[in-house]
Number of protein chains: 2
Amino acid sequence: MQPKLRDIAKDLGVSTATVSNALSGNGRVSVELRDRIRAKATAMAYSPSLQGRALRTGRSGVIGLILPDISNPLFPAFAQSIEAAAEKVGYGVLIADSHGNTDGQNDALLRMMRQGADGIVIIPRRGTRMKDLGLPVAVVDTPSTPENSASADHQDGGRIAAQHLQDLGHKKIALIADSRNSSVQNDRIEGMKEAMNPDTEYCVFWQEDNRRLDFVSLVAEGYTGFIATSDLYALSALTQLQRGGISVPGLASVMGFDDLAFSAAIAPSLTTLAQDTDQIATHAIACLTAQIEGTAPVQKVVVPMTLIKRDSTKAAPET
Amino acid sequence: MQPKLRDIAKDLGVSTATVSNALSGNGRVSVELRDRIRAKATAMAYSPSLQGRALRTGRSGVIGLILPDISNPLFPAFAQSIEAAAEKVGYGVLIADSHGNTDGQNDALLRMMRQGADGIVIIPRRGTRMKDLGLPVAVVDTPSTPENSASADHQDGGRIAAQHLQDLGHKKIALIADSRNSSVQNDRIEGMKEAMNPDTEYCVFWQEDNRRLDFVSLVAEGYTGFIATSDLYALSALTQLQRGGISVPGLASVMGFDDLAFSAAIAPSLTTLAQDTDQIATHAIACLTAQIEGTAPVQKVVVPMTLIKRDSTKAAPET
DNA sequence: CACGATTGATAAAACGTTTAATCAACCGAA
DNA sequence: TTCGGTTGATTAAACGTTTTATCAATCGTG
């Protein structure tokens, strides 16, 4: 049986209140007794019952993490970072999958509240207005989302990507995105457009209507650069080109976003823009704990994305 | 403020005990009163405080999920399945990352216990002996792990894979695995070996020493079939071959395991062996709840893997 | 020396639920 | 009528912690 406060108290002949005070440093306890109690506590490997504490204080020591789709290859990295950051400040992490839709998202929120989460980190669906839950929330999305608490600078990432290909001499660039429903992808595309020189030709290809793009014929049309809003689409493009006999990066350069698990492992390795998930997670958690513990609010933060140059981008071929 | 048991009780002029009994169906309450209480409860949108209940019953309603490495591309699918299965039976899921090592795994276990998890689902590191924690545990690994509770039949998956390529006429097959430290990979390789015909040449290439394999020169040596223990390595092989000008599946067939997120999206799409994570998760959760609630123990289960034929495997080229 | 302030510790209540023990009322049977 | 048994509800304790109010003792000061 785990030792309780009472056990320590009885052993030392003091009251449980004193023990509690000694351990938390809250009330008034003489230094000598405090040390004696703390020593005893560690000796007995005492660890407070979170349930008892939760009942009394109304705080469970758990935060909820709501992801639009756990199986999205980017989110594992986030989940890992969030878990690490939360653990560092003594919180557990409860996960929920919103199955990509708004209903699921609300269900998940409700479930988390029932479970007694002290706060929520959420990566929202586009267009979901975070109504006030009476619960601290940290939103991780894009800087253009008003409620956003911490995120990468996706728009600037877009700029960097477009700049990179143009610096390499590419004059006709295809931008590949999945769905207009993602604020992140929109911001990335927006950034790319912004950084385009007046004499650069480009076109955005949205894949949301599920039509498969034919990248090989795009090359025939003169495209030499491809920027996808995710490494997943970049991979799709890259393999399709290779299969069509188009050398990457010899005849076409391909780059993506997020530095997914496979991106370094493929041939050619994929040039990509990475976000610092650790930093974002740490900040999101800081925002949350500030709200929970009522300390000074933390500034929103926007973390720059960094270009990882690999082998899939090269100077444009001579025409 | 959330309504409490007392609020319902006061409103109806009964005792909190009666309300509790009416809602749980445990004690003795007249049918009429029971219905009246239940109606009132739903009308007030009552939901019991998990903390209060936890303190009294000693059960928190959350289970812990410990993953060796969240960023491994297979685990998201698992996490999602586990979360769904747990939610269905009313449990929340607390995640922890064991950072791939045994110490991290023990830390994670301890943290989960402190957090008051009622049980643990763990995907263990190879060779970790699950010491008795005094806490229900469900292990998800491979059938060859003695403590395993639910898993795919990885060995049989290996057999199916080897059979598939041999059926297509491949005579010289390269088996690609990452690390001997994974029971799963070992079982898959073992199954492949088992299914090899006497006249089939094959060789196992372990990548654990981080040497990059040169798949192109393997083709020059006469290999026409490649089976990787993960789609990740299969992808690596596939792109390397394509880059080297070797047509897949024209000159070489490539297949992998686990049907990762990208596997259907690449060109050619990847033939792979998939595991039914939902079924495995449901069963793992069933094992756990059986232990937690002290009901009849659930049989261990081994779920067959299914071959997903796509475009990366084809009949071996004529020699 | 007396009195207010400070220090060090305790007692007791509270958080919201479940459950064992209790109790009153009613019923049927001897 | 009386008594054991059943029914329907209540009372009170318990889970483990934190915290407010209380109290005794010591201290400093006028």
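Chain letters run A, B, ... following the sequence lines, proteins first, then strands; residues in each count from 1. Reckoned from all heavy atoms, side chains included, excluding hydrogens, waters and symmetry mates. These numbers come from a predicted model, not from an experiment.
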B:K4, nearest nucleotide to its side chain (from D:dT10, C:dA9, C:dT17): C:dT17

Per A:S49 side chain, nearest of listed nucleotides C:dG16, C:dG8, D:dG16: D:dG16

A:G90 to B:Q115 - nearest heavy-atom pair and separation: O-NE2, 4.5 Å

Side chain of A:T18 (C-beta onward), nearest among C:dT10, D:dT11, D:dG16: C:dT10

Presence of B:Y46 side-chain N/O under 4.0 Å of C:dT17 phosphate oxygens OP1/OP2: yes

A:L33 CG to C:dT7 C1', straight-line distance once rounded to whole Å: 13 Å

Whether over 12 other heavy atoms sit under 6.0 Å from B:E293 CD: yes

Of the listed nucleotides D:dT18, C:dT17, D:dT17, the one nearest the side chain of B:L5: C:dT17

Separation of atom CZ in A:R53 from atom P in D:dT18, rounded to whole Å: 5 Å

A:S182 and A:S179 side chains, donor-acceptor separation under 3.5 Å: no

Validation row: A:D276, A:T306 side chains within 4.5 angstrom (heavy atoms): no

Sugar-phosphate, base or nothing in reach of B:L50, heavy atoms under 4.0 Å: nothing

B:R28 side chain, from C-beta outward: closest of D:dT17, D:dT7, C:dA9: D:dT7

Nucleotide nearest B:S30 when distance is taken to its side chain, options C:dA9, D:dG8, D:dT19: D:dG8

Value in whole Å for how far the C1' atom of D:dT19 lies from CG of A:L23: 15 Å

Value in whole Å for how far the P atom of C:dT18 lies from CG of B:N21: 9 Å

Short side-chain N/O contact to D:dT17 OP1/OP2 from A:S20, under 4.0 Å: no

Minimum heavy-atom distance A:D153-A:M305, with the two atoms named: O-CG, 3.7 Å

Protein-nucleotide distance (A:Q2, atom CD; D:dC15, atom C1'), rounded to Å: 15 Å

5'-most by nearest nucleotide on DNA chain C - A:E32 or A:T16: A:E32

For atom CD1 of B:I37 and atom C1' of D:dT10, their distance in whole Å: 12 Å

Contact nearer the 5' end of DNA chain D, comparing B:R56 with A:T57: B:R56

Candidates C:dT19, C:dT10, C:dG16 - which lies nearest the side chain of B:N26: C:dT19

Between C:dG16 (P) and B:K10 (NZ): distance, integer Å: 11 Å

Touch class at under 4.0 angstrom, heavy-atom based, for B:S15 against every strand present: base

Atom-pair distance (CZ on A:R59; C1' on D:dT17), nearest Å: 14 Å

B:A9 to B:S15 - nearest heavy-atom pair and separation: CB-C, 3.8 Å

